[in-house]
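These notes concern the structure reproduced below.
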Amino acid sequence: MESRDDAQQPVEQLIANRRAKLEALKALGHEPYPRRFRVAASVSALRARYDGSGTAELEAERPQVRLAGRLRAIRGHGKVSFADLSDGAGQIQLYLRRSDLDDSAWKVFELLDLGDFVGVEGTVFRTRAGELSVAVRGLTVLAKALRPLPEKYHGLADREARARQRYLDLLSNPASREVFEVRSRVVSSIRRRLEAAGFMEVETPMMQPIAGGAAARPFVTHHNTLDLDLYLRIAPELYLKRLTVGGFERVFELNRNFRNEGISTRHNPEFTMLEFYWAYADYELLMDFTEELLGGVVEEVVGAAKLQWGEHVIDFSRPWRRLTMRDAILAYSDLTPEDLADRGRMETAARALDVQRIAERSDGSLLAELYEMTAEPRMIDPTFIMDFPRDISPFAKSRPDDPDTVERFELFAGGMELANAFTELNDPDEQRRRLEAQAAEQGGQVDEDFVRALEHGMPPTGGEGIGIDRLVMLLTNQQSIRDAILFPQLRPRD
RNA sequence: GGGCCGUUAGCUCAGCUGGUAGAGCAUCGGACUUUUAAUCCGGUGGUCGGCGGUUCGAGUCCGCCACGGCCCA
C-alpha cells in the first residue's frame with residue numbers, strides 16, 4: 001500500500017486548484033484578502049435603480065458603478081466572458097471583454113473561481129439579449145474562496161447539511177433565505193407593535209437560581225465565584241411579574257428560553273419566546289390584543305390572511321374562534337358532558353386514547369390530555385382554547401364562577417400551541433399554596449423571593465407567552481422547527 | 001425509548017434478482033467577442049457513512065454502530 005496522500009483526495013484536489021490560483025494572485029501582486037473596498041451601492045440597489053432603464057437610456061447616461069459581491073457563475077466565450085455577481089439578495093451580470101481590460105486585470109479574472117468575492121468598476125449597459133449588465137473595467141479580488149459551492153441549479157438538498165452548514169443553505173437556496181428574512185420581519189413587526197401599544201422591552205436573567213414559571217427540566221450550570229448552581233431559564237415569567245410589582249405596567253421580553261427536553265419537529269432545546277405583562281388587563285383583553293397583534297403581523301409580513309401550511313390552508317381572518325377546553329373536547333370527540341364529569345369515565349376515555357400514566361394524573365391533567373389527544377391536532381385555523389383546569393395552571397387566577405377552572409387560554413393554529421396566557425394570580429397566599437402543591441407533586445423549590453414580591457402587591461395583570469419559532473413555521477410553510485431556526489441543535493458529527 | 005426509511009464523486013442524483021461504480025453540474029485542458037442552467041470536444045476525480053459477517057465474489061444480502069428524516073411513546 002502506498003502512503004496516504006491527502007492531495008490525492010478529491011475535495012483536496014479542488015482546494016489545491018484554488019490555492020494554486022491564490023498563490024498566482026499573490027505572485028501578480030494582488031492581495032487576495034484586502035481590508036476594504038468602498039462601494040456606493042449594493043448589487044440589489046443597482047438592480048433596483050437601473051432595472052427600468054432601457055438600452056438607449058443607459059447608452060446615453062453610461063452610469064459608472066462600483067460594486068462588490070460573490071461570483072456565482074462564469075460563462076466564458078474566449079475573448080469575452082460573462083459572470084454573475086451576487087450580494088446575497090440579488091445578482092447582476094458582469095461583462096468582461098479582454099480588449100477592454102489591461103493584461104493584469106484579465107489575468108486576475110482568469111484566476112477567479114466560483115464563490116470568490118470580487119470588487120468591480122464599470123459601466124451599466126444592456127446586452128443584446130436585454131440583460132442588465134456591468135461592462136467591467138477594473139477588477140479586485142476581495143476574498144478568495146478555497147472551497148467549492150453547492151451545485152448551482154439544485155442548491156443544497158441534504159437536510160442535515162443544510163442545518164449544519166446553514167451558510168451554504170442560505171447561499172444556494174433562495175427559499176431558505178426567505179424563511180429567515182420573514183423571521184426577521186416577524187420579530188421586528190412584533191417589537192414595533194408592542195412599543196406602539198406602550199410596552200417597554202426589558203431583559204431579565206437567563207441564569208436563575210430557581211428555574212420557575214413553567215414545568216420543564218432545566219439546563220444546569222455553575223457559577224464558580226459564588227459556588228452556586230444556576231439554571232438556564234425555562235421562562236422569564238417570574239421576573240417579568242416582579243417588574244409589574246416594581247411599577248413597570250407594560251413590559252415585554254423577546255428572547256431565548258431553554259428546556260432540557262426532547263428534540264422534535266416542534267421542539268428545539270433553546271427557543272424564542274415573547275412574554276409580555278400588562279397591568280390591569282385580563283385574559284379577555286389579552287385575546288383581543290393577541291388577535292390584533294398576531295393578525296396584524298400576519299397581514300403585514302405575508303400580505304394576506306390566508307396562507308398555505310403543508311396540506312392545510314390556515315385562515316387568520318379575525319375574529320378568531322374561542323372555545324372552552326371542555327367544549328373543544330365535546331366538539332372533536334364522541335365524549336359527552338357526562339363523560340367529562342366522572343373520573344372513571346374520563347380514565348376509560350384516556351385509556352382508549354393511549355394517554356400515559358393515567359392513574360397519577362389530576363382531574364385537570366386528565367382533561368388537558370383528552371383535549372390534546374382529540375381536539376388539539378384539529379385546531380388548524382387560529383383558535384383560543386379557554387378556561388383551563390386550575391391544577392395545571394399554578395400562576396393563573398380562578399374563574400369567579402368555578403374555582404377549579406382558571407382564566408387562562410392557549411392559542412392554537414396548525415394544530416400547534418402558539419401562545420399561553422392568563423389573568424395572573426396576584427394573591428400571594430394563594431400563590432404560595434399553589435407553588436407548594438406543585439413542589440410537593442413535581443419536586444423543585446418554591447421561589448420565595450417571587451412570593452415576597454407578590455406580598456408587596458402586584459396589580460391585577462394579564463400575561464402571555466408567544467412561541468416565535470412556531471409562528472415563523474406557520475408564516476413560512478415549514479413543517480419542522482429546525483427549518484425556522486438558523487442553527488438548530490444537532491448531534492455533533494465525528 | 002420503539003418502528004420504518006435514508007447515507008454512492010465537492011453538489012444533485014442513477015445503479016434491477018450479488019459479477020471490475022455511472023450521469024449532470026463543479027473542476028482540469030482545448031475551441032468560441034453578447035451569453036445567461038451558454039454551447040462543443042477531451043480528461044481528472046470514489047475505502048459506495050463506519051465496523052464485522054455470509055459468499056469464489058458485496059454499493060447490492062445479514063448484524064452492530066454513527067448521523068439524519070418520518071411516525072409512535
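The chains referred to below are lettered A, B, ... by the order of the sequence lines, with proteins before strands, and numbering in each begins at 1. Quick caveat: nothing in here was measured; it's all calculated off a predicted structure.
At a threshold of 4.0 angstrom between heavy atoms, the contacts of A/Ala129 include nucleobase atoms, whether or not backbone atoms are also involved. At the heavy-atom level, A/Leu114 lies under 4.0 Å from the strands shown only through sugar-phosphate atoms. Across all strands, A/Asp84 comes closer than 4.0 Å to no nucleic acid atom at all (heavy-atom distances). Looking at heavy-atom distances under 4.0 Å, A/Arg159 makes contact with sugar-phosphate atoms alone, never a base. If you check every strand for non-hydrogen atoms under 4.0 Å, A/Lys79 touches a base. Within 4.0 Å (heavy atoms only), A/Ser172 reaches no atom of the nucleic acid at all. Using a 4.0 Å heavy-atom criterion, one finds that A/Gly76 contacts the bases of the nucleic acid, with or without backbone contacts as well. Across all strands shown, A/Arg164 has heavy atoms under 4.0 Å from sugar-phosphate atoms exclusively, and none from any base.
Between A/Leu96 atom CG and B/C32 atom P the separation is 18 Å, expressed in whole Å. A/Glu261 has its CD atom 14 Å from the P atom of B/G1, to the nearest Å. Look at CD on A/Gln356: it is 12 Å from C1' on B/G2, rounded to the nearest Å. One atom, CD of A/Gln478, and another, P of B/C70, lie 11 Å apart when rounded to the nearest Å. Separating the CD atom of A/Glu160 from the C1' atom of B/C11 is a distance of 15 Å, rounded to the nearest angstrom. Atom CG of A/Leu112 and atom P of B/A26 are 16 Å apart (whole Å). Between A/Tyr153 atom OH and B/G10 atom P there is a gap of 23 Å when expressed in whole angstrom units. Look at CD on A/Glu151: it is 13 Å from C1' on B/A9, rounded to the nearest Å.
Taking 3.5 Å as the limit, the base of B/U35 and the side chain of A/Glu131 contain no donor-acceptor pair of atoms between them. For B/U34, its base never sits under 3.5 Å from the side chain of A/Arg128 at any donor and acceptor pair.
Nucleotides B/G68 and B/A38 place their P atoms 35 Å apart, quoted to the nearest Å. Rounded to the nearest Å, the gap between the C1' atom of B/C4 and that of B/G42 is 46 Å. Only the P atoms considered, B/C41 is 42 Å distant from B/C5, to the nearest whole Å. On the C1' atoms, B/G18 is 13 Å away from B/C62, given to the nearest whole Å. Atom C1' of B/C28 sits at a distance of 10 Å from the matching atom of B/G45, rounded to the whole Å. B/C16 and B/U55 are spaced 23 Å apart, taking the P atom of each and rounding to whole Å. Look at the P atom in both B/G10 and B/G69: the space between them is 22 Å, to the nearest Å. Separating the C1' atom of B/G59 from that of B/C25 is a span of 23 Å, rounded to the nearest Å.
Taking only side-chain atoms of A/Val80, from C-beta outward, the nucleotide of B/C28, B/U33, B/G69 with the closest atom is B/U33. Side-chain atoms of A/Arg75 lie closest to B/A38 of the nucleotides B/U12, B/U33, B/A38. Residue A/His77 places its side chain closer to B/A38 than to any other of B/C28, B/U36, B/A38.
Test A/Tyr332, A/Tyr371, A/Trp320 against A/Phe412 for ring pair (Phe, Tyr, Trp, His ring centres under 6.0 Å) and you get one pass: A/Tyr371. The only member of A/Arg72, A/Arg75, A/Lys152, A/Arg70 that meets salt bridge (Lys or Arg N to Asp or Glu O under 4.0 Å) when paired with A/Asp84 is A/Arg75.
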